[in-house]
Structures are given as C-alpha cells and as structure tokens.
2 protein chains.
Amino acid sequence: MSKLKDIAQLTKVSVSTVSKVLNGKGRVSEKKRKEILRVARQLGYTPNYHARSMARKTKILTVGLIVPEIINPFFASLTRGVQKACGEDALVILMDSFRNLEREEKLIKNARFFGIDGIIIGNSRVSDDLVEEISGYIPVVVFDKFYELDNVVSIVLDNRYGAYMATRHLIENGCRNIVHLGGTHELYVSLERARGYEAAMNEVNLKPVVEPVGYNESAGYEAMKRLLDSGFQIDGVFCMNDLVAIGAIRALKEKSLRIPDDVAVVGFDDDEELCEIIEPPLSSVHQPVEEMGEVAAKLLFELIKGNSKIKRYVFTPRLVVRRSSLKKVKS
Amino acid sequence: MSKLKDIAQLTKVSVSTVSKVLNGKGRVSEKKRKEILRVARQLGYTPNYHARSMARKTKILTVGLIVPEIINPFFASLTRGVQKACGEDALVILMDSFRNLEREEKLIKNARFFGIDGIIIGNSRVSDDLVEEISGYIPVVVFDKFYELDNVVSIVLDNRYGAYMATRHLIENGCRNIVHLGGTHELYVSLERARGYEAAMNEVNLKPVVEPVGYNESAGYEAMKRLLDSGFQIDGVFCMNDLVAIGAIRALKEKSLRIPDDVAVVGFDDDEELCEIIEPPLSSVHQPVEEMGEVAAKLLFELIKGNSKIKRYVFTPRLVVRRSSLKKVKS
DNA sequence: TACTGTAGATCAAACGTTTTCCCAAGCTTC
DNA sequence: GAAGCTTGGGAAAACGTTTGATCTACAGTA
C-alpha cells in the first residue's frame with residue numbers, strides 16, 4: 001500500500017502538498033499538481049481510511065445489521081429497508097448468524113470493536129442480558145421485544161392484532177371450526193400470534209385449537225395431516241407463517257378437500273412471491289417489513305446522534321385477502 | 001466517546017498503563033487494574049477502531065459486496081456464501097444498488113475510500129471501464145464475465161452448458177417442438193442460455209424458437225400466451241429462469257394443457273422453495289450459488305494477499321429433474 | 001529603499017491507540 | 001553494601017492523514 005509519503009518523495013514535495021492536491025484544497029502550482037496526480041494514479045494510491053477518519057474527526061457512519069439468515073425473505077426485505085435508509089450516508093455491515101445463537105451472540109459482542117456506531121438486531125432470540133450489556137457501549141435497535149434501557153429502541157409488529165384480524169376474517173367468512181398451526185417455539189412472536197387467534201375465537205365463543213408446528217413447509221404438512229387423520233372437523237386454518245400454510249394446503253389437497261370451500265386458509269408474513277404463485281393464492285397477514293427496516297435505521301441514527309426520543313415503534317399489520325379464504329357462500 | 005486519556009485521568013495513571021490493562025498486557029498492580037477496569041466499564045469505553053487499526057498494523061479484513069437487489073434469492077444465497085467464507089476473519093459490507101445502475105457505479109467507485117480491502121460485484125451489468133478503473137486500486141471479483149486484468153478474478157457459471165443440458169433432457173423425454181422463453185436482455189447470461197438451447201436443438205436438427213421475455217412471472221405468462229395464441233405447436237418449454245417458467249405454467253394450465261404430458265417445462269436457477277411448491281414440481285437447472293459466493297470470497301482473499309494464481313473459476317450447473325419434465329411415455 | 005501583498009510550498013500539531021524502551025524502588029544474595 | 005533481579009509504571013515514537021499557521025520569494029507600489 002502506497003502512502004502520501006511515497007508520492008511526496010517521488011515528486012519531491014512535502015506530504016501536506018500532496019494531501020492538498022489530492023483533496024483539491026489550498027493552492028498548488030499547476031505543474032506540481034499534474035505531476036502529483038500522475039504519480040498517485042500510477043501508484044494506485046488510495047487514502048488510508050483509518051488515518052483519514054482519525055485526522056478529520058468526521059467518519060462515515062457504520063451500522064451493524066445482524067440477521068439469523070439472509071436467505072429468509074423476511075430478513076432480506078429488512079436488509080433492503082435498512083440499506084434504503086442508509087442511502088449514501090452510512091455503511092451497512094451485514095452479519096449472518098446462520099441461525100446459530102452462539103455465533104450470533106459473539107457477533108453482537110464483538111460488533112463494537114469494528115468501528116460500528118450502532119447495531120440492529122434482526123431477531124428476538126438474543127438474551128436480555130446481552131442486549132443490556134451491549135447497549136452500555138453502542139446504541140441498539142431490536143425487533144419484537146421492548147426494553148427499558150436508555151440506549152435501546154424497539155420496533156414491534158402488533159402480531160397479536162394481525163392474528164386476531166386473520167381469525168376474525170375466517171369467522172366472518174363462515175368458518176366455525178378454525179384451528180391454528182403455530183404457538184410453539186420459544187419465539188415471542190409465535191406466542192403472540194397464538195394469543196391473537198385465541199382472543200378472536202373466545203370473543204365469539206368458539207373453542208381455540210392450537211396445533212404445535214415447526215416453521216417450514218413440511219412441518220405445516222405434517223401438522224395438518226395429524227389433525228385430519230385424528231378425525232377433527234375443520235373448516236378453517238390460520239397458520240403462523242406462509243410456508244406452514246403452504247404445507248397445510250398440500251395436506252388438505254391430498255385429502256381432496258377443496259380450498260377455500262371446504263377449508264379456508266390464511267397465512268402470515270405475506271411472502272408475495274409465494275402467496276401469489278400457490279393455488280389457490282394464499283390470504284396472508286402482511287408485515288411492512290421493508291418499512292420496518294427503514295424505520296429501524298432511522299431510529300438508530302437518532303440514537304447515535306443522541307436524540308433518543310422514541311423508545312418503541314409499533315407497526316400494524318394488514319390482511320391481504322386472496323382466494324384461499326373466500327368461501328363462495330358467505331354467512 | 002470516552003478515550004484512554006479520560007480513563008487515565010480519572011484513575012491517575014498514564015495512558016499506556018490503561019492500554020495495557022485493557023489489553024491484558026504488561027504487569028500492573030491488582031489494585032490499579034481493578035480500578036481501571038471499573039472506570040472503563042462505567043464510562044462505556046470502547047476503543048477507537050481507527051486508532052487501533054493504525055497503531056497495530058493489522059486491521060480486520062473488510063470486503064464490499066455489491067448486489068443489485070438483496071431480496072432476490074439468488075443474491076441472498078450469494079451473500080450467504082460470502083459470509084460463510086468470511087467467518088470470523090472478515091467483515092462484509094453489503095451494498096444494494098436497488099437495480100439502479102448509476103447508484104451501483106457510484107458505490108463501486110467509492111468503495112475504496114471506506115476501508116474496503118476488496119470488492120465482489122454480484123452482477124455483470126457494470127461497464128468494463130469501471131471494472132478496469134477500480135481494479136487499479138483494489139482487488140475485484142466479478143461474476144459471469146472474464147477480464148484480462150491483473151487485479152480481477154471471474155466466477156462464471158457455464159450457462160450455455162446448463163441450457164444445453166436442459167434442452168437435451170427435454171429432447172430425450174420425447175419433446176420435438178421445444179421453445180425457449182428468454183434470449184432478450186442486454187444480459188450476457190441470458191444470451192448464453194439461449195445459445196446453449198440453440199446448440200442442443202441444432203444438434204438433432206430441430207428448429208430453435210426463441211421467444212423474448214422479461215424476467216418475472218407475468219412476463220413468462222404473457223410470452224407463453226402469445227405463443228399459444230399464435231397457434232404454435234409446442235410440447236416442451238425451456239425457460240430462462242424459474243419465475244418465467246412458473247408464469248408459463250400458468251398460461252399452459254389456462255389452456256387446459258397438461259404438464260408434463262402435453263407440454264414439458266424446465267426452468268433455470270432452481271429456486272427450491274419455488275420449484276418444489278409449484279404444481280407440478282418444476283425441473284430446473286441448479287446453480288451452486290452459495291458455493292459460488294464462498295469461492296468468490298476465498299479468491300478475493302487470495303487476491304488481497306497477493307497470490308493471484310487463478311484468473312477464472314468455472315462452475316458447472318446440474319439439472320434437477322422434477323415432475324414438470326417427465327412425460328409418462330418415454331421415447 | 002522599504003513596505004505590502006500574494007502565490008506557492010512547508011511545518012508541525014493533532015487524531016487515539018499500541019508498544020518498545022527505560023526508570024525507580026524494593027528486594028535478594030553473597 | 002554493592003550488584004543483580006523483579007515489579008510496577010511512564011515517556012515517547014509510531015501509524016497515515018488533515019489542516020491551520022508559517023515561511024519564502026518575488027512582484028507591485030509609493
């Protein structure tokens with residue numbers, strides 16, 4: 001790596017002159033200027049970022065974004081939102097934990113040593129202690145969980161309301177025996193969704209039935225199959241996410257049940273690519289993920305600047321109705 | 001931001017002593033050590049990354065990864081591969097250009113000022129001049145295109161061979177009137193795919209028919225519909241990507257054509273989530289995207305270290321056969 | 001001649017660490 | 001009681017820039 005000094009020696013001027021030419025400041029004779037630029041280009045000189053950041057006291061903002069897996073469309077959208085908010089003004093250091101909690105905690109712990117000015121934690125499985133610890137050093141934005149800490153702001157989606165809405169929708173479409181695939185997991189969000197489902201059911205004196213399920217397509221398939229095989233009477237299914245819903249649909253089709261006429265189905269997350277391609281197109285609760293990422297970044301900037309007015313930001317989901325939940329005969 | 005000096009003053013010792021304690025080096029009395037650690041914690045002290053990088057001459061490796069859109073599963077997988085190769089040893093700065101070529105070029109141009117040691121460019125639409133320029137300053141890994149430059153290595157997928165394989169497969173399954181949806185675009189890869197298709201067709205004296213198409217589902221649907229409405233006789237379709245294939249399938253179903261018995265379909269990219277959920281499951285040419293990302297990062301490291309042995313790395317795709325291309329009656 | 005102005009270039013401090021070298025005091029040891 | 005160790009601690013250089021202050025010619029002016 002060449003440095004200013006190298007250029008200075010080759011052109012027989014001082015370091016400061018070189019610096020001035022390269023930054024277009026001060027007055028330097030046309031002759032030297034040309035020569036300096038020539039040599040700099042020839043050497044492939046790039047200013048040392050660290051030295052520069054030190055000397056000017058103004059460095060470029062850098063935010064760390066920690067996600068459990070970038071290939072999950074949810075986190076990809078989140079990332080996109082964060083990037084959007086950063087624009088030209090901030091760098092995004094992406095850290096994928098590959099769903100490895102240990103790695104994730106290590107990444108979070110080390111983040112502050114990498115010149116990161118603030119950190120966005122994409123999922124809610126990290127321990128409260130860790131959030132508290134790290135927030136003692138750098139500002140943090142977390143999702144789905146609220147913290148009473150100075151240096152932390154939370155972005156939450158009203159999962160309970162989303163689930164409530166979806167269940168109400170099924171009820172209003174004439175479903176009476178509605179099951180929920182979900183509710184397991186240590187995950188806070190899936191518990192919230194189960195609660196919203198139960199609230200809607202209880203409101204109209206229907207009995208909630210929650211069937212535990214994993215989070216992918218085959219888990220949805222298996223769970224639905226279990227329920228059907230056990231002879232359960234079902235005319236509506238609310239699933240904790242779209243993949244589970246798609247698995248459930250496969251199981252339903254296998255039993256020659258018609259969707260939505262025999263059984264209506266609603267998912268959660270609204271992965272458009274999936275929902276619109278499946279047959280029939282899947283109704284789903286939409287989270288404004290990209291917008292959430294954008295807001296996360298903006299709030300982080302505020303936190304970094306020291307204007308921490310907001311401690312919590314709640315997003316309200318909306319229901320996207322497609323064919324999978326629209327029975328022909330309305331009640 | 002607190003610094004070593006602050007801690008030193010509060011504990012009435014020298015800066016060097018504080019540094020030694022915080023780094024666990026040198027010998028310091030237990031009493032001072034405790035006190036220094038206490039104050040450091042209380043102040044929420046974090047070492048200045050830039051100052052540290054300067055003083056030690058060993059900074060952490062930082063790679064810039066430029067993608068046209070992270071929400072595209074292809075680039076998400078690529079990112080994952082890059083992350084994997086980076087492990088604990090390197091930071092990934094992700095830059096999404098939102099499919100805006102201008103922004104992309106600006107990002108690439110500026111990358112070297114951000115302490116980035118090397119850059120991975122995720123798509124092949126950037127100008128050759130830019131690649132040449134930037135490679136004069138930092139190492140570059142690009143995809144899909146070969147450059148005769150010192151500081152550049154290319155990762156290419158043998159698109160032509162993938163397309164050839166897919167087309168051969170259709171032929172061997174008894175298709176004779178095979179069309180290709182693709183071949184438009186300035187994109188090098190889609191041209192390559194069209195060439196592979198043509199090669200396979202010509203080899204057995206079948207007439208290639210290439211129908212121009214965009215790159216999403218509705219583009220595939222429209223293109224297929226155009227062909228069917230024009231009364232074309234078709235018993236096989238090879239599509240330039242999976243989304244186009246899914247659109248084509250929708251158009252075929254609309255005309256009550258059975259897949260694969262009336263028309264066999266093969267896609268490209270093998271987006272598993274999509275291919276396995278669609279009915280019938282879609283055969284597709286698989287690119288080892290994640291692995292490509294991994295190799296890209298590894299080759300970049302070599303380049304940064306100065307061991308630039310390899311200039312080009314070719315991946316061979318493989319065909320994943322699912323139901324959409326398996327006619328019952330084999331020829 | 002002496003003064004002022006100015007273009008062109010350099011000096012030196014500063015940014016926050018790390019790390020090598022050095023010093024002082026106290027302790028052994030013969 | 002001098003020589004040698006050990007322990008605890010500080011001074012200062014170095015990392016590569018930036019930037020305000022300063023210096024030097026030399027031209028113009030009175």
Side-chain angles (χ1 to χ4, degrees), chain A residues 1-41 43-62 110 112-117 137-138, chain B residues 1-41 43-62 110 112-117 137-138:
Chain A
M1 278 286 93
S2 54
K3 42 187 178 177
L4 285 187
K5 206 172 157 191
D6 301 334
I7 303 178
Q9 280 167 354
L10 282 170
T11 55
K12 304 203 192 311
V13 299
S14 74
V15 176
S16 27
T17 302
V18 178
S19 171
K20 277 169 187 158
V21 167
L22 262 30
N23 291 292
K25 298 191 173 168
R27 2 179 41 93
V28 179
S29 68
E30 198 53 23
K31 202 177 138 198
K32 297 207 170 178
R33 142 178 255 94
K34 281 262 165 66
E35 176 65 0
I36 288 170
L37 287 174
R38 195 185 62 74
V39 172
R41 194 147 31 220
L43 254 47
Y45 169 78
T46 287
N48 181 306
Y49 173 60
H50 301 295
R52 174 175 271 188
S53 300
M54 292 260 310
R56 309 172 165 180
K57 261 107 43 147
T58 151
K59 64 181 288 295
I60 187 156
L61 227 52
T62 306
N110 288 335
R112 68 190 177 102
F113 298 114
F114 300 148
I116 287 175
D117 303 294
Y137 297 104
I138 51 173
Chain B
M1 280 281 94
S2 55
K3 42 188 177 178
L4 284 188
K5 204 171 158 193
D6 301 334
I7 303 179
Q9 280 167 353
L10 282 169
T11 55
K12 305 203 191 310
V13 297
S14 74
V15 177
S16 28
T17 304
V18 179
S19 171
K20 279 171 192 161
V21 169
L22 263 27
N23 290 293
K25 299 192 172 166
R27 1 178 43 92
V28 180
S29 68
E30 199 53 24
K31 203 178 136 201
K32 297 207 170 178
R33 142 177 254 93
K34 282 262 164 65
E35 175 66 0
I36 288 170
L37 286 175
R38 197 185 61 73
V39 173
R41 195 148 31 222
L43 256 46
Y45 170 79
T46 286
N48 181 307
Y49 173 61
H50 302 294
R52 175 174 270 188
S53 299
M54 291 261 309
R56 309 173 166 179
K57 261 101 55 136
T58 152
K59 64 179 291 291
I60 186 157
L61 227 52
T62 305
N110 288 335
R112 67 191 177 101
F113 299 114
F114 299 148
I116 288 174
D117 303 294
Y137 297 105
I138 52 174

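Numbered from 1 within each chain, the chains take letters A, B, ... in sequence-line order. No hydrogens, no waters, no symmetry mates; every other heavy atom, side chains included, goes into these values.
The C1' atoms of five pairs define one axis at each end of the helix from C:dT1-D:dA30 to C:dC30-D:dG1, and these two axes lie 70° apart (to 10°).
Between B:His50 and A:His50, the ring-plane angle classifies as tilted under the 30° and 60° cut-offs.
Of all nucleotides listed (D:dG8, D:dG16, C:dT19), D:dG16 comes nearest to the side chain of A:Ala51. Among D:dG8, C:dT17, C:dT19, the nucleotide with an atom closest to any side-chain atom of B:Ser29 is D:dG8. Comparing atom distances between the B:Thr17 side chain and each of C:dG8, C:dT19, D:dG10 picks out D:dG10 as nearest. Of all nucleotides listed (C:dA12, C:dT17, D:dC15), D:dC15 comes nearest to the side chain of B:Lys57. Here the side chain of A:Val15 is nearest to one of D:dT19, D:dG8, D:dT17, namely D:dT17. Taking every side-chain heavy atom of B:Arg56 into account, C:dT18 is the closest of D:dG16, C:dT18, D:dG10.
Using a 4.0 Å cut-off, some side-chain N or O of A:Lys32 falls inside it from OP1 or OP2 of C:dA9. Proximity of B:Ser19 to the phosphate of C:dT17: no side-chain N or O atom is located under 4.0 Å from OP1 or OP2. Applying the 4.0 Å criterion to OP1 and OP2 of C:dT6, one finds that A:Arg27 has every side-chain N and O outside that range. Between B:Lys3 and the phosphate of C:dT17, there is no side-chain N or O to OP1/OP2 separation shorter than 4.0 Å. Regarding contacts with the backbone of D:dT18, a side-chain N or O of A:Asn23 is found under 4.0 angstrom from either OP1 or OP2. Of the side-chain N and O atoms in B:Tyr49, none sit less than 4.0 angstrom from OP1 or OP2 of C:dC15.
Annotation: of the two residues near DNA chain D, A:Lys25 and B:Ser16, the 5′-most nearest-nucleotide partner is B:Ser16.
B:Thr17 and B:Ser14 share a side-chain donor-acceptor pair at under 3.5 Å.
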